[in-house]
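Here the structure is laid out as structure tokens; the discussion comes afterwards.
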Protein chains: 2
Amino acid sequence: MDTGTSLQNRIPRKRRKMQRVTMMDVAKLAQVSPSTVSLYLRKPAAVSPAAGQEIARAISTLGYVPNLVAGGLAAASSKVVSVIVPSIRNAFFAETVSTLQSELAVEGLQVILGHSEYGEEQEEALVRTALAWAPAAVVLTGLSHSAETRKLLQASGVPVIEMWEIGGKPINMAVGFSHPQVGASAARHLLSKERRSIAFLGARMQEDHRAAKRASGFAEEAKRAAAQTTCEIINHPGAATVEAGSLLLNRALQQIPSLDGIACSNDLIALGALFECQRQGIAVPDRIAVVGFGDLDFSASCIPSLTTIRPSGDLIGKEVARLILGGIHGEQPTAASRIIDTGHVLIERRST
Amino acid sequence: MDTGTSLQNRIPRKRRKMQRVTMMDVAKLAQVSPSTVSLYLRKPAAVSPAAGQEIARAISTLGYVPNLVAGGLAAASSKVVSVIVPSIRNAFFAETVSTLQSELAVEGLQVILGHSEYGEEQEEALVRTALAWAPAAVVLTGLSHSAETRKLLQASGVPVIEMWEIGGKPINMAVGFSHPQVGASAARHLLSKERRSIAFLGARMQEDHRAAKRASGFAEEAKRAAAQTTCEIINHPGAATVEAGSLLLNRALQQIPSLDGIACSNDLIALGALFECQRQGIAVPDRIAVVGFGDLDFSASCIPSLTTIRPSGDLIGKEVARLILGGIHGEQPTAASRIIDTGHVLIERRST
DNA sequence: AGATCAAATCGCAGCGCTATGATGCACACA
DNA sequence: TGTGTGCATCATAGCGCTGCGATTTGATCT
């Protein structure tokens with residue numbers, strides 16, 4: 001009614017839940033200032049052993065859990081790395097993400113995950129929310145992104161690492177290998193086995209640009225290396241599954257009756273092709289030689305064991321982690337170290 | 001020296017980077033207060049259309065990206081869900097995480113990922129950092145956790161969902177299925193095929209409690225259902241791989257020469273067993289029937305196609321998302337809806 | 001004893017946002 | 001004309017922490 005009311009309302013209304021244990025509570029119990037607690041948490045060595053012990057004791061008796069959200073806000077960069085992959089169901093990326101997560105966890109960094117499902121628009125939305133976390137770094141898959149995505153990332157000033165592909169110009173840093181070269185290796189291998197009617201079997205290549213590049217690398221090498229070679233690229237619009245492998249093999253046989261060698265964009269497809277051969281009584285490698293890609297779990301054990309190209313998702317994860325951690329420790333990557341080629345290895349087994 | 005120095009230092013030193021576009025910048029450009037911008041971002045309907053348009057325009061011209069870290073701090077709960085799985089390389093969990101991530105992304109929630117590698121200590125550390133993010137929910141795998149982990153979670157007041165297992169008492173909510181029942185289903189199926197010398201082949205069962213429960217469910221059902229049944233549980237200490245499947249099959253044959261049926265804790269192991277049978281000329285299912293678990297990508301396509309139990313990691317992801325989103329919208333789960341049984345389905349194929 | 005210096009500790013001012021009421025305003029009612 | 005109602009908008013007070021100096025302490029030197 002009267003102005004007294006508004007004066008009364010000046011009484012600070014506590015929004016504080018009085019629940020969460022804060023750094024101040026720890027400080028109080030340990031008889032030091034909050035700053036010292038903060039310092040202890042970040043660089044324990046900078047605090048005297050006595051105070052450190054006191055603080056440690058207080059933390060454990062109170063069950064204090066630091067609030068990284070507050071820390072991130074205050075420090076203007078959160079201890080988070082945003083990782084965007086096409087699909088975590090894909091064993092390639094699962095391996096990389098797994099390794100990356102483990103390596104980053106050592107330094108207290110968290111991985112925030114997103115799947116683009118091979119869509120640039122989806123990726124853009126993911127990048128947008130990723131940046132909203134003021135992450136320590138953003139990790140993307142491949143070098144193809146929408147213009148807007150690039151702009152967003154560039155404007156943010158956040159370190160960006162593109163993985164699983166090199167060969168174009170990265171936004172900032174890249175860790176991976178050349179997909180055309182992988183295709184070329186597969187082609188060379190088949191040609192070295194005297195195969196002259198060959199095909200590349202891939203899935204979803206309209207969206208999966210990396211698979212498409214493996215395919216074109218394959219075709220170009222085939223054309224370049226041997227004049228009288230028949231070479232086809234065959235695409236399955238759906239996902240790269242074992243079943244797709246069967247389908248693709250049949251289509252390849254239809255298109256090239258004399259087919260004697262195939263390279264697959266994924267070991268799952270290769271496995272499907274192997275099964276289909278078995279079903280139809282086609283001898284592998286005598287009649288058809290098969291090269292896969294990925295060196296998945298089963299590839300060494302299947303029948304016949306699968307010749308394949310290992311891209312080393314593991315190593316990619318490690319290198320990405322190294323770049324991120326280096327950046328956090330203030331290292332400026334040199335021009336050379338901005339692009340890391342993890343290479344690929346062709347593992348010859350019984351299927352060729 | 002004199003007090004003047006400290007007075008001079010009173011001049012506020014700006015730490016502000018003057019880089020990041022903030023909500024205030026948007027407000028200024030749109031000629032409204034920051035509060036209105038915030039309101040618009042959270043509930044656009046509460047703002048007048050005119051102001052809304054103005055704000056939207058300002059956001060896009062400035063390229064404003066909201067800072068979720070600041071938002072999380074102010075709102076005392078961040079738009080993050082922390083998910084901890086044993087391993088993302090495992091196709092089961094990859095599937096669940098993938099679905100969960102997609103479902104949560106719709107409402108602007110992010111997934112933070114951690115792998116426990118089947119270690120309770122690791123899990124505890126992960127839970128600790130997870131809580132440091134004041135997440136909207138924490139999702140764990142399984143019902144077995146260290147006492148400290150339970151305490152931490154309970155004290156935090158954050159909603160906790162345990163997935164991929166039901167049958168014990170969850171911390172809060174659980175979505176999954178009964179592993180002993182899965183084992184029992186496998187046993188019943190083998191028994192129904194007149195198999196009486198059977199084995200359960202599992203990997204890493206000292207750490208993977210869920211696999212161990214499938215094994216014991218299998219053994220118990222075998223014992224219960226038929227008196228003259230020979231039944232062994234065979235464990236491989238390493239990871240569940242195709243190669244482990246080969247090894248395990250051989251060990252099983254050694255221990256039970258009359259072996260005529262196996263159940264595997266994972267389709268990868270089953271595939272390995274299948275390959276080993278093929279190598280040794282053992283007819284499947286005539287001599288040995290094989291049941292898997294997981295219904296992985298290859299299971300329908302391998303030779304012979306694999307009878308397996310589908311746990312539906314997809315559905316688990318969906319239900320977990322539903323619980324989380326319900327909680328965010330203020331729904332209080334009833335006692336019944338706290339535990340969701342997603343069941344399992346035995347898919348009979350040619351291997352039995 | 002007094003001066004000097006490094007190490008340890010502390011106080012302050014934000015980080016960018018949201019929650020909470022308060023305020024302003026147009027319109028309808030008495 | 002004065003008052004109530006409801007909507008749109010706003011000002012304020014933090015959320016819990018860190019970065020930056022400033023200050024204190026204790027040891028060493030002159």
Side-chain angles (χ1 to χ4, degrees), chain A residues 3 5-28 30-52 54-55 64-79 132-134, chain B residues 1 3-28 30-52 54-55 64-79 132-134:
Chain A
T3 55
T5 310
S6 74
L7 263 177
Q8 263 169 253
N9 284 328
R10 284 280 153 280
I11 292 165
R13 53 205 139 87
K14 289 257 139 210
R15 235 204 302 164
R16 171 89 179 276
K17 297 276 167 43
M18 283 325 214
Q19 281 192 7
R20 179 152 199 146
V21 178
T22 73
M23 190 175 271
M24 212 158 85
D25 299 321
V26 173
K28 226 169 272 173
Q31 316 242 50
V32 294
S33 81
S35 307
T36 308
V37 177
S38 170
L39 191 61
Y40 170 75
L41 255 22
R42 283 171 297 118
K43 344 184 155 163
V47 174
S48 71
E54 214 51 49
I55 292 168
Y64 169 68
V65 177
N67 185 333
L68 290 178
V69 179
L73 180 59
S77 150
S78 61
K79 287 202 161 308
W133 283 98
Chain B
M1 324 275 168
T3 55
T5 310
S6 73
L7 263 177
Q8 262 169 253
N9 285 326
R10 282 282 151 281
I11 293 165
R13 52 206 139 88
K14 289 257 140 213
R15 233 203 306 163
R16 172 87 180 277
K17 296 274 169 42
M18 279 328 213
Q19 281 192 6
R20 181 155 197 143
V21 179
T22 74
M23 190 175 271
M24 211 158 85
D25 299 323
V26 173
K28 227 168 272 173
Q31 315 242 49
V32 294
S33 81
S35 305
T36 308
V37 177
S38 170
L39 191 61
Y40 170 75
L41 254 23
R42 281 170 299 118
K43 338 183 161 170
V47 174
S48 71
E54 213 51 48
I55 292 167
Y64 170 66
V65 177
N67 185 332
L68 291 178
V69 179
L73 180 59
S77 148
S78 61
K79 286 198 160 312
W133 283 97

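Here is the naming used below: chain letters follow the sequence lines, and residue numbers restart at 1 for every chain. These numbers come from a predicted model, not from an experiment.
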For [X], side chain to side chain donor-acceptor pair (under 3.5 Å) partners two or more places apart:
| X | answer |
| --- | --- |
| A:Ser77 | none |
| A:Ser35 | none |
| A:Ser78 | none |

Rounded to 10°, the helix from C:dA1-D:dT30 to C:dA30-D:dT1 deviates from straight, judged by its five-pair end axes, by 50°
For residues 65-73 of chain A, tabulate all N or O donor-acceptor pairs below 3.5 Å that involve a side-chain atom, not counting sequence neighbours.
residue	atom	partner	partner atom	Å
A:Asn67	OD1	A:Val69	N	2.8
A:Asn67	OD1	A:Ala70	N	3.1

Separation between OG1 of B:Thr36 and CD of B:Glu54, rounded to the nearest 0.5 Å: 12.5 Å
Atom pair CE (A:Met23) and OG (A:Ser33), whose distance is rounded to the nearest 0.5 Å: 10.0 Å
On DNA chain D, compare the nucleotides closest to B:Pro34 and B:Leu73; which residue's is nearer the 5' end? B:Pro34
Send over the distance from [X] [atom1] to [N] [atom2], rounded to a whole Å.
| X | N | atom1 | atom2 | answer |
| --- | --- | --- | --- | --- |
| B:Glu54 | D:dA8 | CD | P | 17 Å |
| B:Trp133 | D:dC15 | CH2 | C1' | 15 Å |
| A:Arg20 | D:dG14 | CZ | P | 19 Å |
| B:Lys43 | C:dT18 | NZ | P | 12 Å |
| A:Asp25 | D:dC15 | CG | C1' | 14 Å |
| A:Arg42 | D:dG16 | CZ | C1' | 13 Å |
| A:Lys79 | C:dC15 | NZ | P | 21 Å |
| B:Met23 | D:dC10 | CE | C1' | 14 Å |

Answer with base, sugar-phosphate or nothing: what part of the nucleic acid does A:Tyr64 contact at a heavy-atom distance below 4.0 Å? sugar-phosphate
Give me the atom names and distance for the closest heavy-atom approach of A:Ala134 to B:Arg20. CB-NH1, 3.9 Å
Taking C-beta and beyond as the side chain, do A:Leu41 and A:Tyr64 meet within less than 4.5 Å on heavy atoms? yes
List, with names and distances, any nitrogen or oxygen atoms from the protein found under 3.5 Å away from nitrogen or oxygen atoms belonging to nucleotides 5-9 of chain C.
residue	atom	partner	partner atom	Å
C:dT9	OP1	A:Ser48	OG	2.9
C:dT9	OP2	A:Ser48	N	2.9
C:dT9	OP2	A:Ser48	OG	3.3

Could you walk me through whether A:Tyr40 and A:Val26 pass the side-chain contact (heavy atoms from CB on, under 4.5 Å) test, one step at a time? CA-CA 12 Å; A:Tyr40 170 75; A:Val26 173; over 6 Å; no
The side chain of B:Ser35 lies closest to which of these nucleotides: D:dC17, C:dC17, D:dC10? D:dC10
